[in-house]
There are 2 protein chains.
Amino acid sequence: MQIGALSKETGVHIETIRYYEKAGVMPKPPRSSGGRRLYDDEYKSRLSFVKRCRELGFSLDDVRSLLELVDGGYTCGEVQDLTLAHQQEIKSKITDLRRLDKTLGKLAANCEGGDTPDCPVIDALFVTPIKRSRNQPG
Amino acid sequence: MQIGALSKETGVHIETIRYYEKAGVMPKPPRSSGGRRLYDDEYKSRLSFVKRCRELGFSLDDVRSLLELVDGGYTCGEVQDLTLAHQQEIKSKITDLRRLDKTLGKLAANCEGGDTPDCPVIDALFVTPIKRSRNQPG
DNA sequence: GCTTGTTCCTGTAGTAGCTACAGATAATAC
DNA sequence: GTATTATCTGTAGCTACTACAGGAACAAGC
C-alpha cells in the first residue's frame with residue numbers, strides 16, 4: 001500500500017503521515033525500488049491508533065508515551081495513569097472555559113446593541129479586571 | 001515609562017509587548033535619544049485592554065478588530081456581535097471537551113489498574129472508533 | 001518511444017502567540 | 001573607568017500540522 005491509499009483508508013492527510021514519520025511518532029516504512037513508501041496493515045492500525053489518540057486530545061508527546069508502552073509491554077496501571085492525567089487536564093480546561101463563557105455572557109447581557117455609540121463591553125474591558133472568584137471586591 | 005516598568009505594571013512580558021508592537025496590535029511608541037521605547041498611560045491602558053481580551057480567549061485578530069472599533073467609533077451592536085460570536089466558539093469547545101471527558105472516563109473506568117499486562121484503554125484505542133453521538137450503531 | 005496525467009518525493013516556509021536566546025548598545029552605580 | 005543592569009535587534013524554537021515548489025516515478029494511451 002502506498003501513501004495515498006493509506007491516507008484514504010485512515011483519513012489521515014498524506015503530509016500528516018509524513019510528518020508523523022519525521023516526528024518519530026510513526027516508524028520509517030520500507031521503500032519501493034523507486035523510493036516510494038510501502039505500508040502494511042500493521043502500520044495502518046498503528047496510524048489509526050495515533051489518529052484516535054489525537055481525536056481524544058492527547059498530544060503527540062502523550063501518543064509517543066502510549067506507543068512506547070504498547071511496544072514495551074505496558075501495564076494497565078501505566079496506561080490508566082496517562083489517561084486519567086489527560087482527563088484531568090481536560091476537566092480543568094472545561095472549568096476555565098465555563099468561567100469565560102459566564103463572563104462573556106454577563107458582558108454581552110449589559111449591551112443594548114444596535115447603533116448606540118457606546119458599549120458596556122468596551123468599558124468593562126478597559127476597566128474591569130477579570131474576576132477569578134465570586135467573593136472578590138470590585 | 002520604559003518597557004520594564006510597563007511590563008511590571010501590566011503583567012505583560014517585555015518580549016510580548018515588543019511582539020504586540022511588531023504584530024500591529026499595539027502602536028509604535030516614541031523613542032528616547034538612546035533608542036529606547038517610551039510609553040505613556042494611554043499606551044498602558046490600551047495594553048491592559050489587550051491583556052484582558054487575551055485572558056478572555058479572544059484571538060489577536062479579534063483584538064485587532066475590537067481595537068479598530070474602539071478607535072473608529074464603534075457601536076454597541078458591533079462589539080456585542082464579536083463578543084457573542086466568541087462566546088459561541090467557547091460554548092462549542094466546552095461541548096467538545098465534555099465529550100472527550102466522558103469518553104476518557106469510560107475508557108479508564110474499565111481498567112483494573114496495577115500491573116496487569118493488558119489494558120482495555122489500549123484495546124479500545126486500537127479498535128473502537130470515537131463515538132460522535134449516542135445514536136450511532138457500533 | 002513519446003506524451004500526458006497522476007502520484008509521489010524532498011525540502012522549505014507558513015500558521016498562532018508567544019518565549020528564549022545571542023550579541024550589541026545605553027544607562028546607572030560606584 | 002568599570003561593573004551591572006536594562007534595553008536593543010534579530011533569529012530560532014515551540015505544537016501540530018498545512019501548503020507550497022520543483023523534481024522524479026509510474027500508468028495509460030497512441
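Order of the sequence lines sets the chain letters (A, B, ...), proteins ahead of strands, with each chain counted from 1.
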Output the residues of residues 26-46 of chain A in contact with DNA chain D, where contact means a heavy atom of the residue under 4.0 Å from an atom of the strand; sort by number or write none.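 Residues of residues 26-46 of chain A that come under 4.0 Å of DNA chain D are, in numerical order, Gly34(A), Arg36(A).
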Under a 4.0 Å heavy-atom cut-off, which of residues 59-71 of chain B touch DNA chain D?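 DNA chain D contact set from residues 59-71 of chain B: none.
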May I ask you to decide whether [X] forms a salt bridge with [Y], counting only side-chain N to carboxylate O separations under 4.0 Å?
X	Y	result
Arg99(B)	Asp96(B)	yes
Asp61(A)	Arg64(A)	yes
Arg46(B)	Asp71(B)	yes
Arg98(B)	Asp101(B)	no

Measure the distance from [atom1] on [X] to [atom2] on [N] and round it to the nearest whole Å.
X	N	atom1	atom2	result
Glu15(A)	dC20(D)	CD	P	10 Å
Glu21(B)	dC8(D)	CD	C1'	11 Å
Tyr19(B)	dT11(D)	OH	P	16 Å
Ile17(A)	dA19(D)	CD1	P	15 Å
Phe58(A)	dT15(D)	CZ	C1'	17 Å
Ile3(A)	dA25(D)	CD1	P	17 Å

If you fit an axis to the five pairs at each end of the helix from dG1(C)-dC30(D) to dC30(C)-dG1(D), how big is the angle between those two axes, to 10 degrees?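 The two end axes of the helix from dG1(C)-dC30(D) to dC30(C)-dG1(D) meet at 30°.
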Are Leu60(B) and Ile17(B) connected into the same hydrophobic cluster when the rule is that any two of I, L, V, M, F, W, Y join if their side-chain heavy atoms are below 4.5 Å apart?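 Yes, same cluster.
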Please list, chain by chain and in numerical order, all residues satisfying ring-ring contact (aromatic ring centres under 6.0 Å, His included) with Tyr39(A), sequence neighbours excluded.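 For Tyr39(A), the residues satisfying ring-ring contact (aromatic ring centres under 6.0 Å, His included) (neighbours in sequence not counted) are Tyr43(A).
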Enumerate, atom names and distances included, each donor-acceptor pair closer than 3.5 Å involving a side-chain atom of residues 21-35 of chain B, sequence neighbours excluded.
from	atom 1	to	atom 2	distance (Å)
Glu21(B)	OE1	Arg37(B)	NE	2.7
Arg31(B)	NH1	Gly35(B)	O	2.8
Ser32(B)	OG	Gly34(B)	N	3.3
Ser32(B)	OG	Gly35(B)	N	3.4
Ser32(B)	OG	Arg36(B)	N	3.1

Would you indicate whether the side-chain heavy atoms of Tyr74(B) and Pro117(A) approach each other to under 4.5 Å?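 Pro117(A) vs Tyr74(B): side chains apart.
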Indicate yes or no: at least one non-hydrogen side-chain atom of Ile3(A) is less than 4.5 angstrom from one of Arg18(A).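 Touching, per the 4.5 Å side-chain cut-off.
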Using chain B heavy atoms and a threshold of under 4.0 Å, write down where along DNA chain C the contacts begin and end, 5' to 3'.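 Using the under 4.0 Å cut-off, the span is dG17(C) to dA27(C).
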Contact summary for Val121(A) and Leu107(A), nearest pair of heavy atoms: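 Nearest heavy atoms, Val121(A) then Leu107(A): CG2-O, 3.7 Å.
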Residue-phosphate contact under 4.0 Å: His13(A) side-chain N/O, dT18(D) OP1/OP2: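 His13(A) to dT18(D) OP1/OP2: side-chain N or O found under 4.0 Å.
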Contact class for Arg18(A) (heavy atom, under 4.0 Å): base, sugar-phosphate, or nothing?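 Base, at least one base atom sits under 4.0 Å.
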Side chains of Ser59(A) and Asp62(A): donor-acceptor distance under 3.5 Å anywhere?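 The answer is yes; a qualifying pair exists.
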